[in-house]
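Structure, as structure tokens:
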Amino acid sequence: VELYNDNLVDLLLTKGTPSLKLDIKKDAKGMVIIPNATTHPAGCPEDLQRIFDTGNAARHTAGTKMNATSSRSHLIFSVMLESRNLQTKSVVTGKFSLIDLAGSERVGKTGASAD
């Protein structure tokens with residue numbers, strides 16, 4: 001999900017699929033969630049990389065004097081982990097989020113414009 005111009009954008013939404021309203025919320029356990037955001041299962045590191053690359057390719061970017069593909073948005077990439085003990089049948093879950101904040105370089109150096 002990216003935050004672009006004060007709107008949350010689902011970067012994994014299949015083209016042609018209507019976008020649902022996205023809001024940042026907390027669930028009953030206090031975990032930050034984004035209901036209606038697209039999720040994909042990943043069974044191996046290659047799956048995770050493919051999902052990340054797909055979302056990253058859909059980000060809002062524009063060229064500056066210092067960076068040909070400067071991000072224009074904040075990115076939130078969350079990974080939900082689930083571990084199952086096959087003997088005890090217990091399940092442990094966790095989450096980690098990778099956050100990329102849009103740059104705030106000096107306009108004079110980058111030549112960036114408000115977009």
Side-chain angles (χ1 to χ4, degrees):
V1 172
E2 75 175 339
L3 178 61
Y4 177 70
N5 285 340
D6 294 326
N7 293 307
L8 290 173
V9 179
D10 189 335
L11 298 175
L12 297 177
L13 195 63
T14 306
K15 291 189 188 288
T17 304
S19 178
L20 298 173
K21 181 164 176 45
L22 300 177
D23 286 311
I24 298 174
K25 307 262 185 204
K26 282 190 177 181
D27 67 10
K29 294 180 181 179
M31 187 180 326
V32 175
I33 59 170
I34 303 175
N36 300 321
T38 301
T39 61
H40 292 285
C44 64
E46 293 79 16
D47 290 345
L48 199 57
Q49 184 67 55
R50 180 185 46 77
I51 295 164
F52 180 82
D53 290 344
T54 299
N56 199 41
R59 288 185 76 184
H60 286 85
T61 60
T64 69
K65 291 178 184 176
M66 295 177 71
N67 185 347
T69 57
S70 179
S71 64
R72 295 291 189 244
S73 63
H74 304 304
L75 174 72
I76 305 165
F77 184 74
S78 295
V79 178
M80 303 296 295
L81 302 170
E82 184 176 278
S83 177
R84 295 177 184 265
N85 184 316
L86 299 177
Q87 294 176 340
T88 66
K89 307 295 185 211
S90 65
V91 178
V92 177
T93 59
K95 173 184 171 183
F96 67 92
S97 296
L98 304 173
I99 310 295
D100 178 20
L101 301 176
S104 60
E105 299 93 357
R106 293 185 182 161
V107 174
K109 281 187 168 184
T110 64
S113 61
D115 54 349

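Since the structure is predicted, the reported quantities are computational estimates derived from the model, not experimental observations.
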Q.
Is there a side chain to side chain contact (heavy atoms under 4.5 Å, CB included) between T54 and L12? Walk through the geometry before answering.
A. CA-CA 7 Å; T54 299; L12 297 177; 4.1 Å; yes
Using atom types as modelled, flag every donor-acceptor pair under 3.5 Å from a side chain in residues 32-45 to any protein atom, sequence neighbours excluded.
from: N36; atom 1: ND2; to: K21; atom 2: O; distance (Å): 3.2
from: T38; atom 1: OG1; to: D10; atom 2: OD1; distance (Å): 3.4
from: T38; atom 1: OG1; to: D10; atom 2: OD2; distance (Å): 2.7

Report the residues that fulfil side chain to side chain donor-acceptor pair (under 3.5 Å) with [X], sequence neighbours left out, ordered by chain and then residue number.
X: S90; result: T88
X: S78; result: S97
X: D53; result: Q49

Q. To the nearest 0.5 Å, how far apart are CG in L11 and CG in L75?
A. 6.5 Å
Can you list everything that forms a side-chain contact (heavy atoms from CB on, under 4.5 Å) with [X]? Sequence neighbours excluded, please.
X: Q87; result: N85
X: V92; result: none
X: T17; result: L13, T14
X: L86; result: none

Would [X] end up clustered with [Y] when hydrophobic side chains under 4.5 Å apart are linked, directly or stepwise?
X: L81; Y: F52; answer: yes
X: I99; Y: M31; answer: no
X: F96; Y: I51; answer: yes

Q.
Please list all pairs meeting salt bridge (charged side-chain N to carboxylate O under 4.0 Å, His left out) that have one or both residues in residues 81-93, counting only residues at least two apart or in different chains.
A. E82-R84
Q: Not counting sequence neighbours, list each pair that qualifies as a salt bridge (charged side-chain N to carboxylate O under 4.0 Å, His left out) and has a residue in residues 36-48.
A: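 Residue pairs passing salt bridge (charged side-chain N to carboxylate O under 4.0 Å, His left out), neighbours aside: none found.
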Q. Apart from L20 itself, what residues make up its hydrophobic cluster when side-chain heavy atoms of I, L, V, M, F, W and Y under 4.5 Å apart count as a link, directly or indirectly?
A. none
Q) How close do R59 and H74 get, heavy atom to heavy atom, and via which atoms? A)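 Minimum heavy-atom contact is NH2-C, 4.0 Å.
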Q.
Whether the side chain of N5 engages the backbone of N7 through a donor-acceptor N/O pair (distance < 3.5 Å, no angle test) should be reported.
A.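 Side chain of N5 to backbone of N7, a donor-acceptor pair under 3.5 Å: no, none is there.
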